[in-house]
Amino acid sequence: MDTALLIEKFSLVIIVFLISLGIAAYSTYFERKLAAWIQDRIGPDRAGPFGLLQPIADGVKMFMKEDFIPKNSDKWLFIIGPGISMFTALITSTIIPWGPPIEIFGRQISLQIADFNIGVLFIFGVVSIGVYGIMIGGWASNNKYSLFGAIRASSQMISYELAMGISLITIILLTGSLSLTDIVKSQHGMNWNIFYQPVCFLIFFICSLAETNRAPFDLAECESELVGGYHTEYSSMKLGLFLFAEYVSMFISSALMAILFFGGYNFPGMDYFDGNTLAILGVLAFFTKTFLFIFVFMWIRWTIPRFRFDQLMHLGWKTLIPAAIINMLITAIVIAFNKGWF
Amino acid sequence: MNAISNEQVLNRLNEFFAADIRTSDEPYGLLTLEVNPSKAYEMIDWLKNDSVLQCSFLTNIAAVHYPTDTNREIAVVYQLHSWRNNFRLRLKAFLPIANPSISSIVEIYNGANWMERETFDFYGVNFTGHPNLCRILNEDSMDYFPMRKEFHLEDETREDKDDRYFGRF
Amino acid sequence: MESFTNRKKVVSDKPMTFIEKLYLPAIFSGMMITMKHILKRKKTIKYPEEIRVFAPVYRGQHVLKRDEEGRENCTACGLCAVACPAEAITMVADERKRGEENLYREEKYASTYEINMLRCIFCGLCEEACPKEAIFLTDRIVPTEFERADFIYGKDKLVESIDDRIDITLRQNTGKRGAI
Amino acid sequence: MEAKEHYKANELTDLSKDTIDGEIATINFGPTHPSTHGIFQNVLQVDGEKIVSAEQTVGYIHRAFEKLAERRPYNQITPITDRLNYCSSPINNIGWEMTVEKLIGAEIPKRVQYMRVIIMELARIADHLICDSVIGVDAGALTSFFYPFTEREKIYELYEEICGARLTTNIGRIGGFERDFNETFHTKLKSFLKTFPPAFEEFNSMLERNRIFMDRTKGAGPISAERALNYSFTGPNLRAAGVDYDVRVAQPYSSYEDFDFNIPVGVNGDTYDRFMVRQEEIRQSMRIIQQAYSNLPEGPYKADLPEFFLPPKAEVYNQMEALIYHFKIIMGETHIPAGEVYHAVEGGNGELGYYLISDGGRNPYRLQFRRPCFIYYQAYPEMIKGMTISDAVLTLSSMNVIAGELDA
Amino acid sequence: MGKIENLEVINGEGYQLTTLDKAIGLARANSVWPLPFATSCCGIEFMATMGSTYDMSRFGMERMSFTPRQADLLIVAGTISKKLGPVLKQIYEQMAEPKWVLSVGACASSGGIFDTYSVLQGIDRIIPVDVYVPGCPPRPEQIIDGVINIHKLVKLESMRRRYSDEYKHLMKNYQIDINDERNK
């Protein structure tokens, strides 16, 4: 194996890992600030300038807090739960194409840890493991609120994954590939999928909200009903992992939306640039889009009320899945017409 | 919405319950009747369904402790309200403290449930026929009825007050 | 149910229109409202740095006033203690000795005057009860403490110091019981 | 019932099924559950998410108000009433003062009555704002908590100008107010009248016609008018069930007969109706305040009651008679007639009644508060039976159960 | 603030806090997650403190932890009756170390106006209280003052407070077993 490739990939892994964590940490800060602004407040401003050290303070505090395991809980599962959540949230970042290839020391480096040719399937595979973290954690806590949260989370994820998957088939039909790299490449310039598939985007967006357990689908942990939901019994860094995983997966979902529908690192007028300039601008474009989605996620959370559990199921099974299927059929027919199959 | 005068109400009641109304009074314009405790249930039931009076709303149930009135120490006070005729009516039933027992009116008004439990909690009035007559506000382990006049209000365990200053020798 | 009055107004019988059934319009209009608030000026008062103006009649920490010559007004009549619903005021009366005329205005004074600030509910009844203009509530807030014992405010904390008088004229001039 | 059908349409499982096939779990809501907004306990028996039965435990902040009132002179009871329904303390204060005034047969000047109306309606707005914002929070719209609270702060400022406190106001005295409305109050009230309606409508528009919110609240915890009456409901919760009973109209006090306002009523008595009724009541309260304020008569801010209303301080120092009254009032030595009075006001949650028995002594012989919360909260298990846990939470917050009033 | 020095002695580590301790204290002080045990009137003022005008989130405190496991600061706001006392104690025991208690308002601190048979005359009879806030209810300013005082304590609190003898002694006085597994 090529040592240079190993080093390259290893440093990329570290960088992506750190960036994901950093963005997740600062998402918490940004969420608090945004919530405050929406609510006519100013938000955290004591820890460091403008409260910028707030996430670090939170992290340190959680690290130093007493870590205990309830007596009647299943000890190992209790520990594994948050681990799975965090692991699955982070592992998705491996196949995200962060930008166009960059050239360092004469090497062409692709800004993607691994380019699977089944990237989309990989994401679905990993995300569906993610629910186990919540489920195991909630079940192991031996607390009824946790159990309710876990059950809600798992049934919600299963239902919404279906609609999400079906809606994505249209994108795969359009591109003709399961690889994220190909999907991004096919959206060169302003040739973004959103212009062809707005309905599909809407479905995907709603499902992402549900998949990441964000409002208005935050039933698994809704404070007013289930106290803390699946993490009621968790304290210290285990709780931190759960909370972190939520933000990481929000980041990844936003990145996915940028890739699938908004052209990833493509931006209008990209043909005028090449080489490393293009790479840097591409990365910037990608992150701008991602942050925009993170902002929308938060904006929604602080605006609208949440669903009731049965209404959530109702929306998932009776509205989103049929809509996704119809959308898929129409797209398939249109594509077939264009290719002259009929 | 024409109000009935207290006199008319009393006359109407006297037609049916003349023997059970012991005294009647009108403090501050509110007709107050002292009734035979054993007939209280029947009267309230009748008042609710009577087509003329339509006294169909139970405002509250309270009890009062008169330690000096021998054999009628505890008064249970029912306040009824007729929205149709816009008059209020107060029924009092005096009970001996040795056996303060009166029929529960939960069957007539579901809302009486907690009011009766509260009255039991405070005064120990035994509402016979109540589905779940137990303490409601105080701890179950409490062994007295705190609103009776002979019991102290103050918490005996506080340390930051000097009883001498507040007339509690 | 038939109505008892002619003022009835049914408020919740509007059926959902088709547009409302689509979820999105209401969500968007809600999001527009919140967006408007993001851009608005913030209403927060950063407390320890900025201090909100209290009403002059605010019922905060008590003060035992001195008169113009610096003598304590309180004559230990005990009315404030009687008027206190929380029974937070205790006092011991003492007779003014010769040579103390510059300290106490009346022949009787309170040698001990204690308010238990943890019991106090700041209802202002003591201020009303005082016939000697001795006790007033002020618009200062009572500081928080670490120990319970620190909340027994004796004369050292209650009586205003001669050099640092507490101005309560604003409070008296707000029309309280026709003080003007 | 329409509400039930609506509910069924939103439900995947069939609610009419009486037999329970699953296992029944017990969950404890409270005493410190975030949905209780106070301290009381609901033990729910649930089959999945469906509630099979519920039982409440109350009394966690029982403070023995009624016993306390038997040990305090009349003027010291006002601060105690503050703590009944602490979201709208001025209504409790003024209701109590009016009870005593009724007992002693005092004649209250028109200006005082109008001032009281203004203060009480402000308090009603403050009370309903809390309840409605909390419904929003429990439905998940966290921001809807903050906008009304900013408006509440303005009401607090208004209280503060008159009485010097924000929440537990101890406002007013037997016979009137402790001071007249001052200049700052007038300015602030005028600006409040101008700025509040748009801010309120903005808050309203975030929830009122939002389908998510409507779906959540419609059909949640309904109660029919007959059942509500049987449970002695009063106030917004009863009006939501469609009964237009309001103490302010049925038995007007403090000149409420002078004002033109509507009684908002709902249809199904569910959470949405309760929310809507409260929202409309806020608008009606604004109307009343506007009418009362623009017609505020001239005159004294207190009744001529030398035996009960403390004389001006200046007179206390100079006039023997005033000094004697001052001491008599504070020591509670004034003549109080023996008798029994029931007086009811329309509190934030319904008919707030004071049943006062006086034996002529310094303290009331017996004072019973008719606390609307305590009475209607007992219907809660019936209302949430067959609903989901989420509905139970919303029903609870829309019933506006205030722990202070519940447990007294 | 003469009391802080004394409290530092109670913490057992002496006057010399290490740099690490200081950093941790600083971090903790900026991230105190409150558990609002709001029972009555003070709860409404506490809500006002959370509201836009006062905004407790400036201190990094907007995340309410209604589950005791995750909370650092128990804010007891409102009357605690004798019936509720055991519940409060249980909540306190369930909280993870390090934990602090802020007693807001007259009722929680001393019983206040309610010197009655059913009200606990001060929560310091069942759990240790770090800071008392007077007032009935306190203004939001006072609650924030209390929180700032809590912060002062938190900054001085050493990492190992749980194992110090003084702390064990204090807990023993309150009959709280710190080695208990604390199951619900």
Side-chain angles (χ1 to χ4, degrees), chain D residues 28 30-41 57-68 71-72 76 79-80 82-87 89 126-127 130 133-134 137 142-143 145-154 156-157 160 165-168 170 402-408, chain E residues 35-55 57 62 64-68 71 74 76-88 90-92 94 105-108 111-120 135-142 184:
Chain D
N28 269 318
T32 54
H33 191 273
S35 74
T36 55
H37 309 292
I39 299 287
F40 38 90
Q41 189 183 24
T57 315
V58 301
Y60 284 112
I61 64 160
H62 175 50
R63 298 181 276 194
F65 276 23
E66 293 174 5
K67 187 92 176 170
L68 196 62
R71 297 287 200 281
R72 296 281 185 271
Q76 289 181 25
I80 300 174
D82 270 336
R83 285 143 186 94
L84 270 173
N85 179 352
Y86 36 75
C87 296
S89 329
D127 185 281
I130 281 210
S133 64
V134 160
V137 171
L142 298 168
T143 300
F145 162 80
F146 289 89
Y147 298 163
F149 252 80
T150 322
E151 298 308 312
R152 260 181 75 88
E153 283 290 331
K154 292 178 188 157
Y156 279 161
E157 277 181 32
E160 204 181 309
R166 284 159 53 85
L167 186 69
T168 46
N170 187 16
I402 305 289
E405 193 173 82
L406 180 74
D407 293 342
Chain E
L35 167 66
F37 195 90
T39 60
S40 48
C41 334
C42 296
I44 303 290
E45 276 299 68
F46 180 71
M47 279 156 90
T49 319
M50 299 303 301
S52 309
T53 318
Y54 289 97
D55 190 16
S57 73
E62 78 268 56
M64 294 285 161
S65 306
F66 285 100
T67 141
L74 179 63
V76 185
T79 320
I80 303 296
S81 70
K82 287 175 181 165
K83 194 173 176 179
L84 190 58
V87 179
L88 177 64
Q90 196 188 14
I91 295 261
Y92 180 77
Q94 281 175 356
C107 288
I113 189 174
F114 301 108
D115 176 15
T116 59
Y117 59 87
S118 61
V119 175
L120 192 70
C136 190
R139 273 188 81 101
E141 278 94 343
Q142 281 169 294
K184 245 189 182 175

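Here is how names work: the chains are called A, B, and so on, in the same order as the sequence lines, proteins then strands, and each is numbered from 1.
Heavy atoms closer than 4.5 Å to chain D are found in both the backbone and the side chain of E:Ala48. Contact annotation for D:Ile130: only side-chain heavy atoms (C-beta onward) come within less than 4.5 Å of a heavy atom of chain E. For a residue to count as touching a neighbouring chain, one of its non-hydrogen atoms must lie under 4.5 Å from one of that chain's; by this rule E:Leu35 does not touch chain D. Heavy-atom distances place the side chain of D:Thr57, and not its backbone, under 4.5 Å from chain E. At a 4.5 Å heavy-atom cutoff, the contact between E:Thr39 and chain D is made by backbone and side-chain atoms alike. Only the side chain of D:Glu160 comes within contact range of chain E, with heavy atoms under 4.5 Å apart. With a threshold of 4.5 angstrom between heavy atoms, E:Ser52 approaches chain D through its backbone and through its side chain. Contact of D:Tyr156 with chain E is made through the side chain alone, with heavy-atom distances under 4.5 Å.
The side-chain contact (heavy atoms from CB on, under 4.5 Å) test with E:Ser40 singles out one residue from D:Glu405, D:Arg83, D:Arg63, and that residue is D:Arg63.
Remark: side-chain polar atoms of E:Ser81 are paired, donor with acceptor, to backbone N or O of D:Tyr60 under 3.5 angstrom. Under a 3.5 Å cut-off, the side chain of D:Thr150 and the backbone N or O of E:Thr53 do not form any donor-acceptor pair.
Ranked by non-hydrogen atom pairs under 4.5 Å with chain D, the options E:Lys82, E:Arg139, E:Met50 are led by E:Arg139. Among D:Gly59, D:Gly404, D:Ser89, the residue with the largest count of heavy-atom pairs under 4.5 Å with chain E is D:Gly59. Most heavy-atom pairs under 4.5 Å with chain D, from the set E:Leu120, E:Thr79, E:Val119: that is E:Thr79.
Annotation: the span from D:Leu68 atom CG to E:Ile113 atom CD1 amounts to 6.0 Å, rounded to 0.5 Å. For the atom pair D:Asp82 CG and E:Cys136 SG, the distance stands at 8.5 Å (nearest 0.5 Å). Here E:Ile44 contributes atom CD1 and D:Ile402 contributes atom CD1; the two are 6.0 Å apart, rounded to the nearest 0.5 Å.
Looking only at side-chain heavy atoms (C-beta outward), D:His62 and E:Tyr117 come within less than 4.5 Å of each other. Within the 4.5 Å cutoff, the side chain of E:Met47 has no heavy atoms near those of the D:Arg152 side chain.
Between E:Ser118 and D:Ala64, the shortest heavy-atom distance links the atoms OG-N, 3.8 Å.
Partners of D:Arg166 by side-chain hydrogen bond (donor to acceptor under 3.5 Å, both in side chains), not counting sequence neighbours, listed by chain and number: D:Glu153, E:Glu45.
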